Amino acid sequence: MTLRPFHLAFPVRDLAEARSFYGGTLGCAEGRSSDEWIDFDFYGHQIVAHTGGDAGDRASNPVDGHDVPVPHFGVVLTMEDWQALADRLTNAGTQFVIEPTIRFKGQPGEQATMFFRDPSGNALEMKAFADDAMLFAT
């Protein structure tokens, strides 16, 4: 079994502080970013610092035309496994925060994604990349 990278999004109070700490102090390479978020390569896993206040807030940030819940967590699946899960959740009547969709279509980092909440209200994102080598594409 090959370990799949995890994905974790979390709120920060200031992107410059996050960039300094994760990029400078920890040495995490920076990937895509906007005025509201920064992707980091966290030892082979994808973490995303979002402006959004204190941990536990139910905030959202715009990403490729959708309001992405912050915080959220998830896993990067193979495209085949992602599609099977999307089908299973759809057939089960899951209420999606963001329906299964393709984000950044035709760009580096093109990915399949879906968001939903667990029974306690925690937001989850399950994703898969068209090309796993593009996980941290800029």
Side-chain angles (χ1 to χ4, degrees):
M1 174 192 260
T2 302
L3 178 65
R4 304 292 300 163
F6 71 79
H7 164 81
L8 176 66
F10 55 97
V12 297
R13 64 182 179 189
D14 181 90
L15 288 179
E17 284 179 332
R19 183 173 274 124
S20 175
F21 178 77
Y22 288 96
T25 303
L26 294 182
C28 298
E30 186 174 324
R32 293 177 300 275
S33 66
S34 78
D35 292 337
E36 291 88 20
W37 52 270
I38 306 170
D39 283 352
F40 292 102
D41 177 351
F42 185 69
Y43 309 99
H45 299 282
Q46 185 190 44
I47 62 170
V48 187
H50 284 264
T51 57
D54 297 327
D57 283 357
R58 291 205 177 200
S60 65
N61 276 326
V63 179
D64 199 35
H66 292 99
D67 287 329
V68 170
V70 179
H72 68 264
F73 65 93
V75 67
V76 179
L77 303 169
T78 65
M79 194 62 78
E80 181 179 299
D81 289 343
W82 180 89
Q83 188 60 62
L85 179 59
D87 292 343
R88 186 167 64 247
L89 292 171
T90 299
N91 291 337
T94 301
Q95 182 177 359
F96 290 96
V97 175
I98 297 175
E99 297 281 335
T101 189
I102 302 297
R103 179 187 295 157
F104 305 124
K105 193 169 185 100
Q107 301 174 46
E110 179 178 319
Q111 59 196 260
T113 186
M114 62 182 136
F115 285 82
F116 52 93
R117 294 188 183 275
D118 72 10
S120 297
N122 295 301
L124 287 87
E125 176 186 18
M126 306 307 273
K127 59 180 10 182
F129 283 80
D131 177 358
D132 281 347
M134 294 285 103
L135 184 64
F136 300 108
T138 56

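Owing to the predicted nature of the structure, the values given are computational and were not obtained by experimental measurement.
- Heavy atoms only, all atoms of each residue included: Ala128 and Trp82 are closest at CB-CB, 3.6 Å.
- Atoms NZ and CZ, from Lys127 and Arg4 in turn, are 12.0 Å apart once rounded to the nearest 0.5 Å.
- Interatomic distance, Met126 CE to Thr113 OG1, rounded to the nearest 0.5 Å: 10.0 Å.
- Hydrophobic clustering of Ile, Leu, Val, Met, Phe, Trp and Tyr side chains at less than 4.5 Å, counting indirect connections, unites Phe21 with Val12.
- Using modelled atom types, one side-chain atom of Thr94 and one backbone atom of Leu89 make a donor-acceptor pair closer than 3.5 Å.
- Scored by the side chain to side chain donor-acceptor pair (under 3.5 Å) test, Asp131 finds no partners at all (sequence neighbours excluded).
- Atom CG of residue Asp35 and atom CG of residue Leu15 lie 8.0 Å apart, to the nearest 0.5 angstrom.
- To the nearest 0.5 Å, atom CZ of residue Phe115 and atom CD of residue Glu125 are 3.0 Å apart.
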Exercise for review: Kindly determine whether Val70 and Glu36 satisfy side chain to side chain contact (heavy atoms under 4.5 Å, CB included), including the steps that lead there.
Suggested key: CA-CA 11 Å; Val70 179; Glu36 291 88 20; over 6 Å; no
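- Residues Met134 and Phe104 fall into different hydrophobic clusters, defined by Ile, Leu, Val, Met, Phe, Trp and Tyr side chains chained together at heavy-atom separations under 4.5 Å.
- Annotation for Arg32 and Pro108: closest pair NH1-O, 4.3 Å, computed over non-hydrogen atoms.
- In this structure the side chain of Asp64 never reaches within 4.5 angstrom of the side chain of Gln111, judged on heavy atoms.
- Under the 3.5 Å distance criterion, the side-chain polar atoms of Glu110 are matched with a main-chain donor or acceptor of Gly106.
- Between the side chain of Asp39 and the backbone N or O of Gln46, no donor-acceptor pair lies under 3.5 Å.
- Shortest non-hydrogen contact noted between Pro100 and Met114 is CA-CB, 3.8 Å.
- Proximity of His45 to Leu8: side-chain heavy atoms (C-beta onward) are nowhere separated by under 4.5 Å.
- The two atoms that bring Ala130 and Met79 nearest to each other are N-CE, 3.6 Å, heavy atoms only.
- The side-chain heavy atoms of His72 and His7, taken from C-beta on, include a pair separated by under 4.5 Å.
- The aromatic rings of Phe10 and Tyr22 sit tilted relative to each other, their planes meeting at an angle between 30° and 60°.
- Ser20 places no side-chain N or O within 3.5 Å of a backbone atom of Ala16 that could act as its donor or acceptor partner.
- Note that the CZ atom of Phe129 and the OG1 atom of Thr78 stand 13.0 Å from one another [nearest 0.5 Å].
- One finds the CG atom of Leu124 at 4.0 Å from the CZ atom of Phe73 (value rounded to the nearest 0.5 Å).
- Looking at Asp67, its side chain never comes within 3.5 Å of a backbone N or O of Ser60 through a donor-acceptor pair.
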